[in-house]
Asker: 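Pasting in a structure now, in structure tokens, and then I'll have a few things to ask.
Every chain is numbered from 1, with letters handed out A, B, ... down the list of sequences.
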Number of protein chains: 2
Amino acid sequence: MIPTDLIKGSLKTIVLKLLKENGRMYGYEITRKVEELTDGKIKLTYGALYPVLHKLESEGVLFTESENFNNRIRIYYLLTTHGHSVVAEKIKELNEFIESLQRIVDTKPGLSYA
Amino acid sequence: MIPTDLIKGSLKTIVLKLLKENGRMYGYEITRKVEELTDGKIKLTYGALYPVLHKLESEGVLFTESENFNNRIRIYYLLTTHGHSVVAEKIKELNEFIESLQRIVDTKPGLSYA
DNA sequence: TGCAATATATAAACAACTTATATATTATAT
DNA sequence: ATATAATATATAAGTTGTTTATATATTGCA
């Protein structure tokens, strides 16, 4: 419903925010959660999600815990100590972004009816 | 202040919304207006803005009017008839996106304090 | 005289995402 | 029995889009 190009830049922050909230999550779970929170309006693709998770891991923002669940491997992602401070900053930026977008979109369409 | 990667996907919609609002604008004016509306938090780069404007023109969403102002050429961009219906759709999508982001960011950080 | 602001534009390099593909298990429906 | 959907992770090629650097030119201010 919401075109993917709108979501692009926010993907990293969304992932970090969810991990902060839920302690630890695996990839598939993250996509489900985002769909649930947005009534199916935002659907993350794995081709975008996994590279982001791997990159955040290589940057020391996340670390993983592998577990066996019903003969399937589940890779949980968790925030590192450093990751916790990164999330706080990212969420602040996202809030500023949301505010800025609202100011742009909410401006009245001219006072033509006044 | 707001990292550019957050803005990326919304650039097109922001430009279209401003053109709808102001009738016609030139590139430099668009960057000024966005800075003004967001207290300097969003700064568009020309390397991103002009390709977007040119693409929208080639798609028939915008058309241009060149004028001479103080010996400088100003290229005004305006919405075509088709462009007007595109903007309406884009703004709707952006509003849905903003709502979705808010739902993700506003969820309580666990009921750990309840 | 030089710097900042105004004004548009392109190109090379880089980053990021989409689409397609591969693999494997479990549950549900037919 | 068999097929399909859901669960689950991952990579690669191709495409798209952005950053950074660069070019050009005028006006106003110090």
Asker: Please give, in whole Å, the distance from dT16(D) C1' to E59(B) CD?
Answerer: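 So the CD-C1' distance, E59(B) to dT16(D), works out to 13 Å.
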Asker: Find the distance L49(A):CG to dA8(D):P and express it as a whole number of Å.
Answerer: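 Rounding to the nearest Å, CG of L49(A) and P of dA8(D) are 14 Å apart.
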Asker: Minimum heavy-atom separation for E57(A) and Y77(A), please, with both atom names.
Answerer: OE1-CE2, 4.4 Å
Asker: Among dT11(D), dA16(C), dT8(C), which is the nearest nucleotide to the side chain of R74(B)?
Answerer: dT8(C)
Asker: What pairs with Y76(B) under ring pair (Phe, Tyr, Trp, His ring centres under 6.0 Å), at least two apart in sequence or on another chain?
Answerer: Y26(B)
Asker: With a 4.5 Å heavy-atom cut-off, do L53(B) and I30(B) have their side chains touching?
Answerer: yes
Asker: Short of 4.0 Å, heavy atom to strand atom, which residues of residues 24-36 of chain B count as contacting DNA chain C?
Answerer: Y26(B), G27(B), Y28(B), R32(B)
Asker: Taking the side chain as everything from C-beta on, heavy atoms only, tell me whether K55(A) gets closer than 4.5 Å to V52(A).
Answerer: no
Asker: What is the minimum heavy-atom distance between T38(B) and V34(B), and which atoms define it?
Answerer: OG1-O, 2.8 Å
Asker: Is any side-chain N or O of K55(A) closer than 4.0 Å to OP1 or OP2 of dA16(C)?
Answerer: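 Checking dA16(C) against K55(A), a side-chain N or O does come within under 4.0 Å of OP1 or OP2.
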Asker: dA8(D) C1' sits how many Å from L53(A) CG, rounded?
Answerer: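 Taking atom C1' of dA8(D) as the reference, CG of L53(A) is at 13 Å.
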Asker: What is the distance from atom OG1 of T31(A) to atom OH of Y46(A), rounded to the nearest 0.5 Å?
Answerer: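 If I round to the nearest 0.5 Å, the distance is 3.5 Å.
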Asker: Closest nucleotide of DNA chain D for V52(B) versus for I73(A): which of these residues is on the 5' side?
Answerer: I73(A)
Asker: Can you list, by residue number, the residues of residues 93-100 of chain B that have a non-hydrogen atom closer than 4.0 angstrom to DNA chain D?
Answerer: none
Asker: What is the distance, rounded to the nearest whole Å, between atom CD of E67(B) and atom P of dT8(C)?
Answerer: 12 Å
Asker: If you measure from NZ on K17(A) to CG on L79(A), what distance do you get to the nearest 0.5 Å?
Answerer: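 That separation rounds to 11.5 Å.
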Asker: Which pairs would a plain distance check flag for residues 84-101 of chain A, meaning a side-chain donor or acceptor within less than 3.5 Å of a matching protein atom at least two apart in sequence or in another chain?
Answerer:
from: S85(A); atom 1: OG; to: H82(A); atom 2: O; distance (Å): 2.8
from: N95(A); atom 1: ND2; to: I91(A); atom 2: O; distance (Å): 3.3
from: S100(A); atom 1: OG; to: E96(A); atom 2: O; distance (Å): 3.0

Asker: Between T80(A) and G60(A) (side chain of the first, backbone of the second, donor and acceptor by atom type, cut-off under 3.5 Å), is there such a pair?
Answerer: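 Looks like yes, one N/O pair under 3.5 Å.
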Asker: Which residue pairs pass the salt bridge (Lys or Arg N to Asp or Glu O under 4.0 Å) test with at least one member in residues 25-54 of chain A, sequence neighbours excluded?
Answerer: R32(A)-E35(A), K33(A)-E36(A), D39(A)-R103(B)
Asker: What is the distance, rounded to the nearest whole Å, between atom CG of L44(B) and atom P of dA9(C)?
Answerer: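 That distance rounds to 15 Å.
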Asker: Just by protein heavy atoms under 4.0 Å, how would nucleotides 20-28 of chain D read 5' to 3' in B, S and -?
Answerer: B-----BS-
Asker: Among the candidates dT11(D), dT10(C), dC17(C), find the nucleotide nearest to the side-chain atoms of Y50(A).
Answerer: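 For the Y50(A) side chain, the nearest candidate turns out to be dT11(D).
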Asker: Check every atom of dT11(D), dT18(C), dA8(D) against the side chain of H54(A) and return the nucleotide holding the closest atom.
Answerer: dT11(D)
